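Read the structure below first, then the notes.
Just so you know, these numbers come straight off a predicted model, no measurement behind them. For the numbers below, each heavy atom of this structure counts, side chains included, while hydrogens, waters and symmetry mates do not. Letters A, B, ... are given to chains in the order of the sequence lines, protein chains preceding strands, and every chain is numbered from 1.
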Amino acid sequence: MIDIRLVRDDIDAVKAALGRRGVDPADVDRLADLDRAARTAVGTRDEVRATVKVLSKQVGEARRAGDTARAEQLADESRAAGDEERRLNTVAEAAQEEVRQALLYLPNLPAPDAPDGVGEDDNVVARSWPDVAPAYAEAQRVPHWEIGAELGLLDMERGAKLSGSMFPLYRGFGARLLRALGSFALDSHADEFEEVRPPTLVLTGTMVSTGHLPKFEEEAYHLERDDLWAIPTAEVPLTSMWRGDVLDEAELPLKLTAGTACYRREAGAAGRDTRGLLRVHEFDKVELFAYSTPDQAPALLESMVARAEALLRQLGLQYRVLDLCTGDIGNSAARTFDLEVYSPGVDMWLEVSSVSWCTDYQARRANIRYRPEGGGTPVFVHTLNGSALAWARIWAALVETGRQADGSVVLPEALAPYLRGETVIPAAG
RNA sequence: GGAAGGGUGGCAGAGCGGACUAAUGCGCACGCCUCGAAAGCGUGUGAGGUGAAAGCCUCCGGGGGUUCGAAUCCCCCCCCUUCCGCCA
């Protein structure tokens, strides 16, 4: 959530910033009104509450002094004030809850240099690689589910037999390739990012602090018996690792990487991209995550995008970097870069990474702060997260891109150390 | 799964119905001392809300309750520790 003080101090700036994302200025005015009402209600309640405390204390004093009659009289007064306090408290809490709801509903302020726009079509292609788009051969124009079936790498039918549709089952070289990709990425990030293997089933509170609940409840798998949620991304456990804590500035930036399975119900996407690995309920992903000071954040954002790009170049996949416009940036982000690889078999650009700078929007919700060097009051950290990378779609792009005229698939040399040196998946037969 | 003990400020840890405005220690900051430092001594030091300020209010894992009054008593939940059982 954004800082309510911004709304109090400079409401026009908030309207202007959120207006770039399509938020109605009237919503901001409504929030300001609710906030004023809540503050008045809380003030009134606090006055009465103070009276109760004073009277209660006097009851004790009178009782110790042996003046029972006076104690009883004061207790009666206090009781009456207490009833009034409870009534006012109900009013005040309801008012505060309204403010909180209105505040949660507001998205983050976009970064000043995020491009303007209303939707996906307005995203800006920041750069692409390689400079000259490759020419693809006929052999590369085969979708990965066909290649996977032909070479025994991917068995979507048996996956569906076990778990229903959109649960991939990788076999043989296909399974090894997936494992290789995860190791390759984690090793690449090991120079600066601490590797973490978090739990993938988490408590409700953990889902709430990243904003995945309650808003996106429909998207998440829930184990009712134990009231645990399957994580949709490693961002969820990583954000909560220091939930409610105060870090030292010296610990920042705190950089983490985690490879986990991610689970998504894709409830709103029924019928879209249902074939192969384009959209699946369970996929592996290596996530980059950082807590930082506000000053460190812009450079970190760039370096995280650069890391994801470096992997794609090493994998030899054609890609483009999208600077998301204000209308397409996710709720909690101020700036987001998406990476899309071109996959020739399906002839589509596939989103394989999304790197976001969330400023203090998530930290405020999760209450994660740091104590500035030399003391002073704690300040909310900035959080950044990004995939590097999401493997199901990379797997698809690699298999399609690497396909040869003879039906074999050539994989990038960068993966050789993780594939026992075998970078060619032999043709069928 | 059974039994017991716990969750208190940056950390450790006392408090177990009314002076809690949460002891004490560590850490940290400033000062004295010193050529400088350590040690020692002194002073200060949680977070949040509201307010011009004084002040007032909230926060002792979370939620509910009892009471004139709850860190303290009761109920539910979460988490941690120990022992037992089971288990890859």
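Here the C1' atom of nucleotide B/G51 and the CG atom of A/D35 are 14 Å apart, to the nearest Å. Between the P atom of B/G51 and the CZ atom of A/R36 lies a distance of 11 Å, rounded to the nearest Å. Distance A/R39 CZ to B/G48 P: 17 Å, rounded to the nearest Å.
Screening residues 70-113 of chain A for ring-ring contact (aromatic ring centres under 6.0 Å, His included) gives no qualifying pairs among residues at least two apart or on separate chains. Sorted by first and then second residue, the pairs that involve residues 407-424 of chain A and meet salt bridge (Lys or Arg N to Asp or Glu O under 4.0 Å), not counting sequence neighbours, are A/R176-A/E422.
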Watson-Crick or G-U pairs under 3.5 Å in RNA chain B, rendered as dot-bracket with [ ] for crossing pairs and | for another strand: ((((((((.[[[..)..(.....]]]((((((.......))))))(((((....))))).[[[[[..)....]]]]])))))))....
Identify all pairs in which a protein N or O lies below 3.5 Å from an N or O of nucleotides 8-12 of chain B, and state each distance.
none

Nucleotide N/O to protein N/O under 3.5 Å, stretch nucleotides 56-59 of chain B:
residue, atom, partner, partner atom, Å
B/C57, O2', A/D46, OD1, 2.8
B/C57, O2', A/D46, OD2, 3.3
B/U58, OP2, A/K53, NZ, 3.1

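Here the separation of B/C57 from B/G61, taken at their C1' atoms, is 22 Å to the nearest Å. The same atom, C1', is picked in B/A70 and in B/A22; the two are 14 Å apart, to the nearest Å. Using C1' as the reference atom, B/U34 and B/A39 are 11 Å apart when rounded to the nearest Å. For the C1' atom pair drawn from B/G7 and B/C60, the interatomic distance equals 10 Å after rounding to whole Å. Between B/U8 and B/C20, the two C1' atoms lie 12 Å apart (nearest whole Å). Taking the C1' atoms as reference points, B/G25 lies 30 Å from B/C73, given to the whole Å. The same atom, P, is picked in B/G64 and in B/U58; the two are 15 Å apart, to the nearest Å. A distance of about 28 Å separates the P atoms of B/G9 and B/U66, rounded to the whole Å.
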Nucleotide-resolved protein contact map, nucleotides 61-78 of chain B, B/S/- at heavy-atom distance under 4.0 Å: -------BS--------S
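Between A/R313 and A/E309 a salt bridge is recorded (basic side-chain N to carboxylate O distance below 4.0 Å). Under 4.0 Å is where a charged nitrogen must lie from a carboxylate oxygen, and between A/R307 and A/E192 at least one such pair does. Using a 4.0 Å cut-off between charged nitrogen and carboxylate oxygen, A/R5 and A/D9 do not count as a salt-bridge pair.
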Pair A/Y263-A/W229, ring-ring contact (aromatic ring centres under 6.0 Å, His included): steps then yes or no: CA-CA 9 Å; A/Y263 300 89; A/W229 301 80; over 10 Å; no
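A/L154 is listed as a side-chain neighbour of A/W395, based on a closest heavy-atom distance under 4.5 Å. Side-chain contact check for A/E351 versus A/L339: every heavy-atom pair is 4.5 Å or farther apart. Proximity of A/V54 to A/Q58: side-chain heavy atoms (C-beta onward) are separated by under 4.5 Å at one or more points.
At least one donor-acceptor pair closer than 3.5 Å links the side chain of A/S188 to the backbone N or O of A/F184. With hydrogens and angles disregarded, no donor-acceptor distance shorter than 3.5 Å links the side chain of A/R403 to the backbone of A/V409.
The structure places CZ of A/F289 at 13.0 Å from OG of A/S387, a figure rounded to the nearest 0.5 Å.
Using a 4.0 Å heavy-atom cutoff across all strands shown, A/R5 reaches sugar-phosphate atoms only and no base atom.
A 6.0 Å sphere centred on CZ of A/R158 holds no more than 12 heavy atoms belonging to other residues, nucleotides or ligands.
In this structure, a donor-acceptor pair under 3.5 Å is present between the side chains of A/H382 and A/W357.
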